[in-house]
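Fair warning: this is a prediction, and the values are worked out from it, not measured in the lab. The analysis underlying the following values was restricted to heavy atoms, covering all of them including side chains, and did not include hydrogens, waters or symmetry mates.
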Protein chains: 2
Amino acid sequence: MPVNLSAPDPASLHPVPGVRLGITQAGIRKQGRRDLSVIALDEGASVAGVFTKNRFCAAPVQLCREHLALAGNQIRAILVNTGNANAGTGEDGLARARQSCEALAGLMGLRAEQVLPFSTGVIMETLPVDRIIAGLPAALSALRADAWDEAALGIMTTDTVPKAASVQVEIGGVTVTLTGISKGAGMIRPNMATMLGYVATDANINPALMQALVTEAADASFNRITIDGDTSTNDSFVLIATHRAAHARIESLDSAEGQALRAALIKLSQQLAQAIVRDGEGATKFITVTVDGGRDEAECKLAAYAIAHSPLVKTAFFASDPNLGRILAAVGYAGIEDLDQTLISLHLDEVQVVRNGGRHPDYREEDGQRVMKQAEITVRVNLQRGAATATVWTCDLSHDYVSINADYRS
Amino acid sequence: MPVNLSAPDPASLHPVPGVRLGITQAGIRKQGRRDLSVIALDEGASVAGVFTKNRFCAAPVQLCREHLALAGNQIRAILVNTGNANAGTGEDGLARARQSCEALAGLMGLRAEQVLPFSTGVIMETLPVDRIIAGLPAALSALRADAWDEAALGIMTTDTVPKAASVQVEIGGVTVTLTGISKGAGMIRPNMATMLGYVATDANINPALMQALVTEAADASFNRITIDGDTSTNDSFVLIATHRAAHARIESLDSAEGQALRAALIKLSQQLAQAIVRDGEGATKFITVTVDGGRDEAECKLAAYAIAHSPLVKTAFFASDPNLGRILAAVGYAGIEDLDQTLISLHLDEVQVVRNGGRHPDYREEDGQRVMKQAEITVRVNLQRGAATATVWTCDLSHDYVSINADYRS
């Protein structure tokens with residue numbers, strides 16, 4: 001059961017001029033699933049992306065990097081399959097990913113390097129490229145500008161709810177649209193997850209700014225979520241700009257227009273990223289972990305992730321058990337070398353649990369218990385040694401997480 | 001159900017001359033549990049220890065460090081309580097730990113700093129020091145040289161089986177005994193766990209060598225196990241030498257006698273450490289992870305721990321599902337910057353699964369499945385970039401892990 005998350009109203013997902021989406025059933029792993037999506041971009045669009053830092057990155061990730069380097073601002077199609085991650089597949093996997101790009105390019109009159117391929121699903125199994133190629137015509141004939149809701153369904157794996165959102169922002173007197181989709185569910189942690197995210201905008205922006213923009217948005221959103229600490233082989237977040245909006249071209253991210261676009265993109269990316277946590281495998285709670293009072297953001301992140309990754313902390317949240325010493329223990333092993341435990345404070349929502357490294361004298365277990373029973377909880381730790389802060393989002397660890405991952409391939 | 005682990009035969013646990021153990025029920029958290037143990041050392045014993053690196057270390061750990069520095073080779077008693085970890089308890093916790101040392105010292109005619117205190121159990125609750133003090137006379141009157149089996153029971157928390165072992169070794173023509181106990185169960189990872197371990201020997205060894213010896217033994221044993229990646233606030237491993245054996249004093253760990261003692265201690269420590277994994281919370285499988293072919297041991301350890309900590313890998317083992325790409329993914333995010341995925345091989349016991357970073361052409365899923373169904377499994381990864389190697393031991397992640405940690409305090 002996702003935490004305060006339901007399927008988006010299709011009417012809320014504004015089309016982005018210059019972007020069409022087509023989804024079909026290709027029978028890649030199972031019959032009867034929408035498992036193949038094409039996002040077609042009109043000529044002139046710019047694309048930038050951030051990809052998994054896993055050294056064992058999948059074949060499609062390798063090809064994405066290669067094609068973005070080769071074809072830069074001439075990307076015209078995005079191809080996504082579920083059911084098979086084409087990772088751990090060696091040279092053969094690369095060849096199959098290339099074949100799928102070539103086939104789509106052939107049908108669309110493009111060069112293969114104008115296609116970015118994405119795969120998600122089981123690792124280390126051979127990509128059934130014939131089924132992908134056989135499905136392409138149906139996906140292409142389904143292309144529509146208002147199919148974002150279907151695309152959100154088409155990229156799902158163990159997700160239980162499709163994830164899509166849309167925002168509009170005024171830039172230079174013109175309404176600019178940003179619409180995106182994401183999928184996640186398991187294997188989520190910083191530096192990307194089995195996480196796919198796509199955001200398109202009609203904003204008119206200097207293509208040279210795209211990489212900085214997508215990197216900043218990822219750092220503030222998809223790189224701040226963790227479900228189980230596993231960094232996947234396939235994580236990708238892609239930003240598309242079609243430049244169709246009639247405002248003057250944005251030449252700097254620090255201009256008023258650049259800042260408006262950046263803020264809208266970060267808001268949308270956080271919404272898409274948090275949706276992944278809300279629908280985390282087996283999640284029953286949505287937990288915001290904020291660490292304040294660090295010397296720098298890096299040490300705040302260390303502590304926040306130690307809390308968010310701890311299986312003991314996560315099972316305590318699942319049980320609504322205010323066994324909050326586990327949070328202190330996680331801060332203690334986060335790797336902050338000269339941490340002084342006698343300064344640390346801990347709040348659970350508005351309830352102060354710890355002061356000066358020990359239980360607050362006024363803390364009552366029933367207050368902790370009350371907060372722990374909520375579906376959304378904020379954990380706030382103050383290290384009392386500086387002014388830096390960092391926030392990450394995570395979920396609890398439940399029986400269903402084990403069931404889902406023990407049964408994934410069955 | 002622990003994995004191939006049963007309670008030790010009390011007759012197999014050789015007493016160590018100069019060491020007596022007394023266990024009682026003090027009602028610290030629950031009635032009717034043996035929860036208080038005293039280990040009394042005859043005058044002349046040497047003690048050295050390694051302790052958690054968690055910055056949020058518990059009050060007793062702080063006192064152990066202080067007392068070892070103050071009283072060096074004059075430690076005469078070890079005091080262990082379960083049911084309460086006295087961690088996250090601030091100044092009050094330190095004062096209570098001091099009181100318990102003072103009380104035991106008073107009864108034994110010692111100075112407080114000749115007592116090492118240890119606590120394990122729930123974090124961030126007030127230590128019921130009155131109950132500990134009230135229980136001390138009973139523990140002292142129970143002191144016996146042949147109570148190692150009872151002490152193993154007396155230090156258990158969520159352990160399901162007491163952990164104790166004994167080895168004997170010939171040194172300088174004399175039979176030397178090493179006997180030890182350990183407890184663990186959850187919150188286990190390198191740099192110590194909610195792990196307590198005590199090994200006593202009658203070996204006659206220069207006290208100046210004790211710290212190096214215990215550190216080396218911990219690095220080869222307790223620091224190579226992981227259950228859930230959580231480093232506890234209380235982990236301690238203590239080595240006691242009573243020097244009673246009639247061989248010439250060992251003056252170097254590199255002498256034949258020093259090496260014999262070291263080998264016996266490492267063997268015993270590994271047995272005690274592996275017993276913790278075999279009885280890991282919810283464990284159904286005992287997994288040995290060996291990474292070969294690294295440039296140095298550090299990077300082999302990085303990869304081995306990434307595998308051993310991955311919830312996805314651990315749930316796949318629980319399900320006996322050879323979803324082995326998850327192992328490759330873990331190697332990929334281990335943090336080895338310039339790792340070449342196309343060199344990597346993976347074996348599951350004798351079955352080669354991966355060659356050159358991709359599925360081995362002869363690998364058949366039924367072979368992987370057969371190994372995955374075993375209770376004991378060896379995962380072997382070769383990075384093919386050097387001659388270094390490292391091994392860690394872990395268990396799977398099961399429904400019972402979640403149940404145990406969700407219900408721990410209920």
Just so I know, are the side chains of [X] and [Y] near enough to count as touching, which here means a heavy-atom distance under 4.5 Å?
X: Val353(B); Y: His347(B); answer: no
X: Pro322(A); Y: Tyr363(A); answer: yes
X: Leu324(B); Y: Val354(B); answer: no
X: Phe318(B); Y: Lys285(B); answer: no
X: Pro361(A); Y: Arg355(A); answer: yes
X: Gln384(B); Y: Asn356(B); answer: no

*Could you list which of residues 337-345 of chain A have a heavy atom closer than 4.5 Å to any heavy atom of chain B, in residue-number order?*
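Near chain B, by residue number: Glu337(A), Asp338(A), Leu339(A), Gln341(A), Ile344(A).
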
*Can you pull out the residues in residues 85-97 of chain A with any heavy atom less than 4.5 Å from chain B?*
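Near chain B, by residue number: Gly88(A), Thr89(A), Gly90(A).
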
*asked:* With rounding to the nearest 0.5 angstrom, report the CG to OG1 distance, Leu397(A) to Thr315(A).
replied: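 With rounding to 0.5 Å, CG (Leu397(A)) is 6.0 Å from OG1 (Thr315(A)).
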
*In chain order, what residues pass the salt bridge (Lys or Arg N to Asp or Glu O under 4.0 Å) check against Arg98(A), with sequence neighbours excluded?*
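With neighbours one apart ignored, the set is Glu66(A).
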
_Contact origin within Ser398(B) toward chain A - heavy atom pairs under 4.5 Å_ =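 Contact with chain A is through the backbone of Ser398(B) alone.
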
*How about Asn84(A) and Ser119(A): does a side-chain donor come under 3.5 Å of a side-chain acceptor?*
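Absent: no donor and acceptor within the cut-off.
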
*Partner residues of Phe118(B) under the ring pair (Phe, Tyr, Trp, His ring centres under 6.0 Å) criterion, sequence neighbours left out*: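 Phe118(B) satisfies ring pair (Phe, Tyr, Trp, His ring centres under 6.0 Å) with Tyr198(B) only.
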
